[in-house]
Amino acid sequence: MKRKFNYLIALALMAFTFTSCEDVPSPFGEVVPPKSDDVVVIEPSGTGTEADPFNIAGVIEYVSGLGADVASPKDVYFKGIITSITEAYGTQYGNATFEVSDTEDGGNKFLCYRVKYFDGQSYSNPSDPNIKEGNEVIMCGKVVNYKGNTPETSANAAWLYSLNGTKGGGSTPATETLGTKDAPITVAKALEYINKLEDNGTTKEDAYVAGKITKIKTADDKIATYKNIDYVISDGTNELTVFRGKNIDNTDFTAPGQINVGDEVVVLGKLTKYVNNGNVTPEVAQGNYIVKLTKGGTPSGGDAKGTGTLADPYNAAGVIKYIATLGADVESPNDVYIKGKLVKYANNGEFNTQYGNASFYISDDGSESGEQFYVFRTLYLGNVKYTEGVTPEVGNEVVICGKVINYKGNTPETSANKSYIYSLNGNTGGGGGGDTGGAKGTGTQNDPFNVAAAIAKCQEVGQTASTEKYYIKGIADAEYTVNSYKNVEVDIVDTEGSSDKFKVFRVKDKDGKGIKEGYKIPKGATIIVYGPVVNYKGNTPETATGAYLVSVNGQAPEVDGDSGGGSGTGGNEISAAFGDLDCSNLAAIKLSDGTTIAVAQEDGKTAPIYHESTKIIRIYARNSITINAGSKKIAKVIFAYDTYSGTAYKGNDEMYGEGSSKITPSKDDAHVTFSGVNSSTLKVVNWLESGNSGGTQFRISAITIQYQ
């Protein structure tokens, strides 16, 4: 906010001037344009070196060649006149923020944002010279094109080189390096330098640091996008994070496998003490690159195995690789399964009866030489607190089920008390994790899938509904009542109290007439359902459109003779995942009952798109989606939206619908709902008041329409 303050003051003064001149007939009076020969154009000059600093036009031109929010790979020098000061140097933060221009009238403006004092030090003595408007300064440091539209210095990465021709103490920023390409410093030595820095401080010197890569932190599918990689190097004892590192000779990374765990590198870059919420992470700062690479490690994630399902659990390397795709302190959206052998208990502990949990490390073979994963405060067999009995021993094989998290962005582990031992040496203990017999059945009428097998099938088919239909059998985990729309949702399990559930989603009877309203399915009732299946959003195994309820405790459900419909399909509701529809033409999507959907750009800057890989429609700012039910009247429309990397893509706050009147939707953790439509059409606009771009996308994966 401080950086915008002077602009707001200027606007306020302008408004005051115009409203105070009552004798002026127009707000601006008579405007006389300047003569063309009165305009002074400052051409870019300088090379950005100490001997030949950029002028302000020159540094702006240089910054414009950088990508949005990409800091310059090296320190640059530039020279200008201070034209406005947001914050002079003070002892509280030790930095200053001000604008410099080529001339005192402020033609070209460049923001010196949170710049340090002489020699890159914090301003600490109030008697030292301070800055004033009109002062001539030379600045040195990293520069950036902030948000792609504001050329400025990188925060706390630039400093005052000279003030009105006087350098601080007559000194200049150091230019020597720490180590050399052929004689680099060790990780331990790098940490010595880092520990002497202030919080978020950075060395002025570049350092050559040697180490062996022990971890690749950037997900494989992000490397081509970011063109850099976060990774960790070690000297065998100490670790150092290389932040947004570039490849050999400062070239872009373009694909996974260009560096791998086990490779030896020499990295050139500045050292920094990154501090966030009191947590210190020693790093080689952004702008670094590899100057020497000795191959010989295993491919990045080459030993990573598994998909995280019950049928195919992650190994230690596999779950670490998955967690790297999560943001710092972002918990996985669903439970995952991890398999390994117990290496050691944390802090020489074990399961205890006081807290009922334990923390330990697992690896593929139970040794400390392989990749280890930290199982933090996990519960016991059956997903219950440990009370007494046999505890896992070092070398025992365990399968862990639960949520995982990238704690503080640098420690992959299970979430505290949100995981449990699913099996110990093959024994599930008869609880918590599901049927002790595992997956059973072939999905036929005579041999239905049990819940474990149905879940495994969903994980196999993924987020696109299966073309095959299957019989599935389980028991209701609670009592359920058929709603006024004559369908029902039931969660079924293999054993009472199991956390492995399969969702029977909004099913009717075999003929689609609708189950009698008020019909009850008691807790513990044996359910058989038939139809296609899908792993909805990658984390909810359930029946897909076209499934129906076969029986409850061996009896067909009671059917209501009145469908309550008029929908043309024998029901008053229709649901569809966009992945099951033809979305090649967003202007003409058709549901099986004849209802049509049209997605349009309207006056949005970006046109809506359908992602074939994710089966999701992206609706950008001011785009629209219109549902036309023809002769039927719509009561309610429910959209399922996508959440990715912690962002819920449920549209802008100003989103509205137009049915018989304007509708403000309700939003929860998974759905956006428009109620009270009372019309044959509903037009939804992802409105953004501030403009036709930006805001929050509306990413929709499925739709449910309820008719009157």
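When reading the values below, keep in mind they use all heavy atoms of this one structure, side chains included, and skip hydrogens, waters and symmetry mates.
Residues Y707 and E573 have side chains that never bring a donor and an acceptor to within less than 3.5 angstrom of each other. Between the side chains of D329 and N406, no donor-acceptor pair is found at a separation under 3.5 Å. The closest side-chain donor-acceptor pair between N483 and N487 falls under 3.5 angstrom. K590 and T596 are not linked by any side-chain donor-acceptor pair at a separation below 3.5 angstrom, with hydrogens and angles left out of the test. If you check the side chains of S415 and E331, you find a donor sitting under 3.5 Å from an acceptor. Donor-acceptor pairing under 3.5 Å is lacking for the side chains of N623 and N686. For the residue pair S419/T378, the side-chain donor-acceptor check at 3.5 Å is satisfied. Inspection of the T442 and T444 side chains reveals an N or O donor paired with an N or O acceptor under 3.5 Å. Between the side chains of D312 and T307, at least one donor N or O lies within less than 3.5 Å of an accepting N or O.
Remark: side-chain polar atoms of D477 are not paired, donor with acceptor, to backbone N or O of K523 under 3.5 angstrom. Panel note: side chain N628, backbone T681; no donor-acceptor pair is recorded below 3.5 Å. A side-chain donor-acceptor contact under 3.5 Å links T543 to the backbone of F505. Judged by distance alone, the side chain of T545 and the main-chain N or O of S575 form a donor-acceptor pair under 3.5 Å. In this structure, S680 contributes its side chain and A629 its backbone to no donor-acceptor pair below 3.5 Å. Counting only distance, with no hydrogens or angles, the side chain of N357 and the backbone of L379 share no donor-acceptor pair below 3.5 Å. Between the side chain of T481 and the main chain of G518, no donor-acceptor pair closer than 3.5 Å is present. Checked by atom type and distance alone, the side chain of S660 pairs as donor or acceptor with a backbone atom of V677 at under 3.5 Å.
Using a 4.0 Å cut-off between a side-chain N of Lys or Arg and a carboxylate O of Asp or Glu, D335 and K403 qualify as a salt bridge. Salt bridge present: E489 and R506 bring a charged side-chain N and a carboxylate O closer than 4.0 Å. With salt bridges taken as basic N to acidic carboxylate O contacts below 4.0 Å, one links D220 and K321. At a threshold of 4.0 Å, the pair E602-K683 counts as salt-bridged, since one of the basic side-chain nitrogens sits closer than that to a carboxylate oxygen.
Here the OH-NZ distance, from Y641 to K537, works out to 6.5 Å after rounding to the nearest 0.5 Å. Taking CG of N535 as the start and CG of N334 as the end, the distance is 8.0 Å to the nearest 0.5 Å. Note that CZ of F698 is 14.0 Å distant from OH of Y649, once rounded to the nearest 0.5 Å. Separating the OG1 atom in T647 from the CD atom in Q697 is a distance of 9.5 Å, to the nearest 0.5 Å. Annotation: the span from D642 atom CG to R699 atom CZ amounts to 6.5 Å, rounded to 0.5 Å. If you take SG on C458 and CD on Q463, they are separated by 11.5 Å, rounding to the nearest 0.5 Å.
Taking 4.5 Å as the limit, some side-chain heavy atom of C583 sits within range of a side-chain heavy atom of I589. Contact annotation: the side chain of I616 never approaches that of I700 to less than 4.5 Å [non-hydrogen atoms, C-beta and beyond]. Residues V493 and D500 form no side-chain contact, since every pair of their non-hydrogen atoms from C-beta on lies 4.5 Å or further apart. No side-chain heavy atom of T414 sits under 4.5 Å from any side-chain heavy atom of K418. The shortest side-chain heavy-atom distance between K516 and K486 does not fall under the 4.5 Å cut-off. Residues V398 and I362 are in side-chain contact: their nearest non-hydrogen atoms beyond the backbone lie under 4.5 Å apart. The shortest distance between side-chain heavy atoms of I705 and L591 falls below 4.5 Å.
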Could you go step by step and tell me if T673 and D668 meet the side chain to side chain contact (heavy atoms under 4.5 Å, CB included) rule?
-> CA-CA 9 Å; T673 301; D668 59 27; 5.6 Å; no
Show your reasoning for whether side chain to side chain contact (heavy atoms under 4.5 Å, CB included) applies to Y610 and F578.
-> CA-CA 9 Å; Y610 172 69; F578 290 113; 4.2 Å; yes
F449 vs Y471, ring-ring contact (aromatic ring centres under 6.0 Å, His included): CA-CA, chis, key distance, verdict | CA-CA 6 Å; F449 284 144; Y471 285 89; over 10 Å; no
When you look at D365 and K341, which way does the salt bridge (charged side-chain N to carboxylate O under 4.0 Å, His left out) test go after all the steps?
-> CA-CA 6 Å; D365 59 3; K341 293 183 177 180; over 6 Å; no
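Centroid-to-centroid, the aromatic rings of Y314 and Y322 come within less than 6.0 Å.
Taking the ring axis of F639 as reference, the NZ or CZ atom of K667 does not stay both within 45° of it and closer than 6.0 Å to the ring centre.
With Y480 as the fixed residue, the side chain to side chain contact (heavy atoms under 4.5 Å, CB included) test singles out one of I527, D491, V552: D491. Applying side chain to side chain contact (heavy atoms under 4.5 Å, CB included) to I574 and the options T704, T595, I703, D593 leaves one that passes, D593.
The aromatic rings of Y380 and Y386 lie perpendicular to each other, with more than 60° between the two planes, well past the 30° mark. Classified by interplanar angle (parallel below 30°, tilted 30° to 60°, perpendicular above 60°), the ring pair Y361/Y374 is parallel.
The local environment of CG in D669 is sparse, with at most 12 non-hydrogen atoms from other residues, nucleotides or ligands closer than 6.0 Å. Residue-environment remark: NZ (K615) exceeds the threshold of 12 foreign heavy atoms within 6.0 Å. The 12-atom threshold is exceeded at CD of E479, counting heavy atoms of other residues, nucleotides or ligands nearer than 6.0 Å.
When all heavy atoms of C401 and Y422 are compared, the closest pair comes out as CB-CB, 4.2 Å.
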